[in-house]
Amino acid sequence: MFETVTPPEPDKIIRLMGMFAADTRTGKVDLGVGVYRSPEGKTPVMAAVKQAEERIWTAQDSKSYVGLRGDLGYLDAMRHLILGQSVPADRVAGAGTPGGTGAVRQVLETVHRLAPSATVWISDPTWPNHPAIIDHLGQKRQSYRYYDAATGGIDRTGMMADLARVGRGDLILLHGCCHNPTGADLLLDDWQEVAALCARTGAIPFVDMAYQGFGLGLEEDAAGVRLLAATLPEVLIAASCSKNFGLYRERVGAVLIVTTGKAAAEGVLAGMNRQNFAFPPDHGARVVQEILGDETLGALWRGELDGMRRTMEGNRRALAEALREETGSDRFGFLAAHRGMFSLIGATSTQVDRLREVHGIYLVGDGRMNVAGLTPDTIPRVAQALAEVLA
Ligand SMILES: Cc1ncc(COP(=O)(O)O)c(C=O)c1O
């Protein structure tokens, strides 16, 4: 069956991971893949996670199946973390998924089943797996203008003009915070405008929440999705705990659906899980539940998450400052204003190739930089290389 098949090309981020691993140079710098790194260049297991795992190891006496939607305590903790008090619990259906990618997939496949003619509107640009999954499912998709490369901010006029064309029942895919790849986030006024537009047109917002706590803080980063949940009849949410709990490989995610048909939505989500993987992974979800359900562990985790956010903000400021000195201009000032792990640095693919080949600095081909991959040691060298290559 496979002899004559051409396997699909891995996407650009996965390809870059392979190239970085194969590079034997000692000074290579990985600013490609989206993982957090400490100032020492490590992606550590968070102390709160270690402690939660110890408790689970001691107390857990069975590894039997849980349920098709996963652990209900975990889902309730996620509802509370993301939606707070914005909407009553009896309006939110949930299901555990393998990571945020699994959640994106389950939401899109569910919509594809229930509303096959719906178009999914994605920001230009967006995380490459969004269009990849939409295309894999055979859904219709359109892009809305989002990033303004000239200012490093959002093209608000273009975005709202494009969204005005979205039809009733179509999805608008929004990044809850820390937009990937641009780092340019919607402000509360923008969320308000999107909510009003959805109320007027019947478009359904689909919020991908992969970086809560990496932008301005846990509560601040959820303000947009909470505003939508408080004002609209239906909101679809895909959440990931990969980054904010550092649980990347455990595959912890959740679908949350704000709806007036909670019981039916839960049945649909359970059925969708059953067809795709049956039971979602439990270990990481249990860790999250343990942390969010315990005051001491919760405080420890919040402190660690705050520390990660401050490190990323510090990297942004330090790189913007080093680039100001290297270039004598404020051309890269937008770096300090962006939020989360990523920014588009404004490099062409040829410049990205040169950064990698000559300087051993790895960025994604569209010029996306993971600022969390910087360390105090590498910032001066990266600034020099950027100033030289992007001159
Ligand atoms: C925008 C966005 N959504 C979802 C995810 C899903 O992450 P994971 O499947 O690792 O939880 C990511 C991770 O890179 C992301 O950037």
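Atom set for the values below is all heavy atoms of this structure, side chains included, hydrogens, waters and symmetry mates excluded. Start at 1 and go down the list; that is how both ligands and their atoms are numbered.
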Run through all N or O atoms in ligand 1 and write down each protein N or O closer than 3.5 Å, as a pair with its distance.
residue, atom, partner, partner atom, Å
ligand 1, 3 (N), Asp208, OD1, 3.2
ligand 1, 3 (N), Asp208, OD2, 2.6
ligand 1, 9 (O), Gly100, N, 3.3
ligand 1, 9 (O), Thr101, N, 2.8
ligand 1, 9 (O), Thr101, OG1, 2.5
ligand 1, 9 (O), Arg251, NH2, 2.6
ligand 1, 10 (O), Ser242, OG, 3.1
ligand 1, 10 (O), Arg251, NH1, 3.1
ligand 1, 11 (O), Gly100, N, 2.7
ligand 1, 11 (O), Ser240, OG, 2.6
ligand 1, 11 (O), Ser242, OG, 2.6
ligand 1, 14 (O), Tyr211, OH, 3.4
ligand 1, 14 (O), Lys243, NZ, 3.1
ligand 1, 16 (O), Asn180, ND2, 2.7
ligand 1, 16 (O), Tyr211, OH, 2.6

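Under 4.0 Å is where a charged nitrogen must lie from a carboxylate oxygen, and between Arg324 and Glu321 at least one such pair does. Between Arg354 and Glu388 a salt bridge is recorded (basic side-chain N to carboxylate O distance below 4.0 Å). Electrostatic pairing of Asp282 and Lys63 does not count as a salt bridge here, judged by no charged N lying under 4.0 Å from a carboxylate O.
His175 meets the side-chain hydrogen bond (donor to acceptor under 3.5 Å, both in side chains) test with Thr126; sequence neighbours excluded.
The side-chain contact (heavy atoms from CB on, under 4.5 Å) test with His179 is passed by exactly one of Leu174, Asp185, Leu186: Asp185. Of the listed residues (Leu218, Asp76, Val288), just one forms a side-chain contact (heavy atoms from CB on, under 4.5 Å) with Leu81, and that residue is Leu218.
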